[in-house]
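This report refers to the structure that appears directly beneath it.
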Amino acid sequence: MRTSVIPFGPQHPVLPEPLQLKLTVEDEVITEAVPALGYVHRGLEALAQNRDFHQMVQVTERVCGICSVLHAICYCQGLEDIMGITVPPRARYLRVIWGELLRLHSHLLWMGLFADSFGFESLFMQLWKIRERVLDIQEATTGNRVISGTIRVGGVSRDMDARQVHWIADQLTWVAHQVRQIEPVLREDFTIRRRTEGKGVLTSAQARELGAVGPVLRASGIAQDIRQTGYAAYGELDFEPVTATAGDCHARCMVRLGEIDQSIDLIHQALDRLPGGDIRSEVRGRPQGETLMRVEQPRGEVVYYIRADGGKTLSRVRIRTPTFANIPVLVKLLPGIFLSDVPVVVLSIDPCVSCLER
Amino acid sequence: MNGNTTTVEVRNLLGEATRLKIDGYRLVTLSGVNTGPDQVEILYHFDKDLTLVHLRLAASREAPVPSISPIYPAAFLAENEIQDLFHIRFHGLVIDYQGTLFLPREMESTPFCRYDRSETPRPVSPDPQSAKSAGGA
Amino acid sequence: MNHALIILGIGLVAGPLLGGLAGGLDRIVTARLQARTGPPVWQPYYDVIKLMAKELVVVNGWQAFCVYSYLFASMLALILFVMQSDLLLILFTQALGAVFLAMGALASTSPYSQVGAHRELLQILTYEPLLFLVGVGIFLETGSFKISVVMQWKDPLILKLPLLFAALGYVMIIKLRKSPFDLAASHHAHQELVRGVFTDFSGPLLGMIEIGHWYDTVLILGICSLFWATGPVPMAALAAAAYATIILIDNAAARLNWRWMLGHVWAMGLALALVNLICRHQG
């Protein structure tokens with residue numbers, strides 16, 4: 001028996017983000033994994049104490065580039081809840097559209113990285129090619145590829161016209177077609193199944209106990225999706241949480257694959273039912289009170305605890321990102337697996353370190 | 001706040017957490033709020049079938065807070081974070097970073113509170129590094 | 001004497017020339033399969049020239065010694081091949097080179113190189129028996145281990161030894177470090193071991209390893225081409241077809257782990273090879 005400690009990160013090509021896992025390895029089997037964080041902690045929660053509550057929208061959107069819009073939506077919903085603002089219906093639908101576009105490109109990005117983690121480079125390239133088209137839609141409708149900057153307290157700052165609505169629907173049909181072509185590879189390919197099935201199995205009891213969120217939770221058979229609470233316009237759209245029962249890495253991939261289809265469907269629904277009218281309500285006064293707001297991000301539920309005491313700045317903004325909730329899962333899953341499966345299992349929770357270290 | 005809030009104290013915190021666990025609640029997260037020079041309010045958020053329940057604990061920097069991580073393993077990261085950011089000690093943590101989860105070891109203040117070095121509360125478990133620096137100061 | 005020197009020269013030049021070219025074509029074809037444009041065909045040479053121009057940093061003397069030995073063994077193996085020498089001698093020379101590379105990685109203390117070298121040795125363990133059986137198969141068919149005899153053989157060996165050729169395919173995938181068996185070191189460093197055995201080599205030493213890999217590539221394609229040794233054109237065509245197939249497999253497969261490789265390649269490869277040999281000599 002040969003015991004060695006392998007530093008997985010903070011600079012590691014599999015995970016291009018500064019997360020370190022100290023892996024104790026005995027003959028290529030992991031016996032212990034301890035995460036070390038804090039390489040890029042930015043103190044954005046503390047920044048809330050000297051930025052006014054409108055400026056904080058900008059800050060929350062920059063917590064993470066890949067979940068940008070949904071951070072801003074969650075924060076704005078929290079403030080709207082405290083201040084009792086009703087968001088116009090058109091703004092609620094636009095939030096759904098941008099939120100789902102974000103989920104779409106985030107899942108495609110993740111799938112590419114996941115393919116790369118088990119050495120399937122051509123799949124990685126193809127998936128990112130599709131993702132580019134989604135980013136084009138984001139750029140055409142918001143002006144930015146990743147960080148849209150269109151969400152405001154009380155609504156949104158940009159509208160889209162009928163021509164754009166048609167164009168988005170066309171583009172999404174292309175995306176759906178491309179994804180459908182790749183789907184059999186992800187679902188059936190022998191080498192992929194060999195690398196992902198039965199790896200990093202999380203039972204539903206463990207998922208509940210370890211506080212797993214998002215696709216990790218749903219892949220273990222628990223149909224919980226925060227979108228079911230019906231925030232924004234989700235209450236008026238038809239969808240069912242995508243679940244799988246195996247709880248392994250392949251199941252997590254399948255859940256995300258299902259959510260890509262679901263997102264495309266939700267955007268089509270939202271585009272069809274897009275109501276007219278204003279896109280932003282007036283915001284008066286200063287917030288006072290506290291709230292806990294949850295939104296479903298690509299990686300799982302994001303939680304904003306906001307407390308305001310009537311001042312221009314907020315007294316506390318606490319951001320619990322999905323990766324933060326899934327790290328205990330990772331600590332539980334890693335011991336006992338082979339070193340060659342570490343990238344697959346680590347990526348299967350979709351770690352986002354910039355979210356993790358606000 | 002959306003969801004019921006119960007105020008708990010240090011002595012019945014673990015009991016309440018156990019009761020929620022038996023009822024099938026999932027820990028969402030913990031939030032710390034600075035309420036005074038020596039006071040930190042800790043909120044425990046739980047969820048069951050999309051319904052939220054909160055526990056509100058008024059903690060003091062003087063006395064350590066019992067960790068719920070033996071009951072809810074999910075809590076260990078959030079408790080370590082509060083330990084870092086608010087300079088409060090939890091005892092019984094399953095994985096204790098000793099205040100170095102996000103902060104470097106030589107850090108002398110924490111983001112959400114300003115305190116004097118001399119007022120540094122002694123660590124619960126003997127940590128050679130901080131014990132030495134406290135002795136030196 | 002003059003004739004021998006010319007052959008020596010051909011052997012020395014063929015490695016970098018054909019190997020580098022094959023590498024460049026591989027990168028372009030792979031890129032096209034991945035919806036990219038890819039680098040120019042000369043990119044492998046640019047890479048090596050750049051590596052050679054860098055400062056020489058070695059972890060310890062053993063590392064440098066092992067790299068020189070690896071390069072020397074790879075060159076020698078190809079020269080022996082071009083001189084149409086004994087197939088067994090060639091196989092053992094190239095195996096020696098491969099072991100030196102793993103030893104070089106073991107000379108440093110980094111866990112990535114250590115685990116990478118461990119996997120490299122397992123890979124050698126996996127493909128060497130198959131490569132040896134290929135040699136035996138050629139011997140049983142032609143009655144000699146001498147490549148000069150094989151070259152004069154009238155019938156294409158592949159018609160008689162198709163399953164053995166398939167077993168050689170496994171060897172080629174492992175030896176050329178392609179998916180699904182790019183375990184010890186993937187072409188780009190996106191795996192859990194960073195670059196596995198190559199992690200601790202840098203600058204000119206890494207350049208030399210790259211050149212050694214070119215020699216290895218040409219040698220293994222050369223052995224592959226022996227299966228249709230009726231003339232230079234069929235030989236080149238067979239090698240090119242095999243290489244193209246391997247690139248295709250590389251782009252259509254994920255990386256597997258060494259446990260699966262050892263079990264599968266031994267079971268399938270040895271079965272293919274033995275069935276072929278038994279059928280030829282019992283029936």
Side-chain angles (χ1 to χ4, degrees), chain A residues 2-9 11-16 21-30 112-130 132 178 182 185-186 189-196 199 249-250 337-347, chain C residues 26-27 29-38 106 108-119 121-123 173 177-196 198-199 247-264 268:
Chain A
R2 200 159 53 97
T3 306
S4 52
V5 176
I6 293 188
F8 194 79
Q11 304 268 340
H12 196 288
V14 167
L15 199 71
L21 291 166
K22 290 189 189 106
L23 303 174
T24 312
V25 177
E26 261 178 31
D27 284 338
E28 292 209 33
V29 177
I30 311 295
L113 292 175
F114 190 57
D116 197 39
S117 79
F118 47 71
F120 208 140
E121 292 87 21
S122 53
L123 187 59
F124 162 63
M125 295 285 174
Q126 299 292 349
L127 285 162
W128 279 40
K129 194 183 88 185
I130 306 173
E132 272 315 294
Q178 293 284 315
I182 286 190
V185 179
L186 283 164
D189 185 85
F190 171 74
T191 50
I192 292 181
R193 289 179 54 170
R194 186 89 213 165
R195 286 305 303 274
T196 54
K199 304 288 159 71
C249 294
H250 194 251
I337 65 167
F338 294 128
L339 179 62
S340 54
D341 294 331
V342 169
V344 180
V345 172
V346 169
L347 276 171
Chain C
D26 173 12
R27 290 182 67 169
V29 173
T30 301
R32 295 295 150 87
L33 286 172
Q34 296 175 355
R36 293 185 287 126
T37 309
L106 283 170
S108 82
T109 52
S110 146
Y112 298 128
S113 310
Q114 292 280 336
V115 180
H118 180 232
R119 287 193 192 168
L121 290 171
L122 280 164
Q123 287 192 349
I173 296 176
R177 305 190 186 288
K178 296 289 186 194
S179 287
F181 303 128
D182 50 346
L183 310 170
S186 63
H187 176 70
H188 60 173
H190 277 208
Q191 65 166 334
E192 64 280 6
L193 296 178
V194 188
R195 262 214 95 178
F198 299 149
T199 307
I247 294 174
L248 201 64
I249 293 173
D250 179 39
N251 277 291
R255 182 187 309 116
L256 294 164
N257 53 17
W258 66 260
R259 281 177 176 78
W260 189 83
M261 177 190 73
L262 203 62
H264 179 81
M268 282 300 289

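The structure displayed is predicted, hence computed values, not measured ones. Values below: every heavy atom of this structure, side chains too, minus hydrogens, waters and symmetry copies. Just so it is clear: chains get the letters A, B, ... in the order the sequence lines come, proteins before strands, and each one is counted from 1.
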Exercise for the section: With a 4.5 angstrom heavy-atom cut-off, could you sort out which part of Val346(A) is near chain C: side chain, backbone, both or neither? Expected result: neither

Handout entry: Minimum heavy-atom distance Ser179(C)-Gly119(A), with the two atoms named
Key = OG-O, 3.4 Å

Problem - Beyond-backbone contact of Leu33(C) with Ser122(A), side-chain heavy atoms, under 4.5 angstrom - result: no

Problem - Residue from Arg259(C), Arg255(C), Arg119(C) passing side chain to side chain contact (heavy atoms under 4.5 Å, CB included) with Ser340(A) - result: Arg119(C)

Exercise for the section: Check Asp189(A) against Ala252(C) and note the closest heavy-atom contact, atom names and distance. Expected result: OD1-O, 3.9 Å

Problem - Over all atoms of both residues, closest heavy-atom pair of Asn251(C) and Phe120(A) - result: O-CE2, 3.3 Å

Practice task
Check whether any side-chain N or O of Thr191(A) sits under 3.5 Å from a backbone N or O of Ala253(C) as a donor-acceptor pair, and report yes or no.
Solution key: no

Completion exercise
Those residues at least two apart in sequence (or on a different chain) that pass salt bridge (Lys or Arg N to Asp or Glu O under 4.0 Å) with Arg193(A) are Glu188(A), Glu197(A)

Problem - All side chain to side chain donor-acceptor pair (under 3.5 Å) counterparts of Glu132(A), not counting sequence neighbours - result: Arg145(A)

Completion exercise
If one checks every heavy atom of Leu256(C) against chain A at 4.5 Å, the contacting part turns out to be both

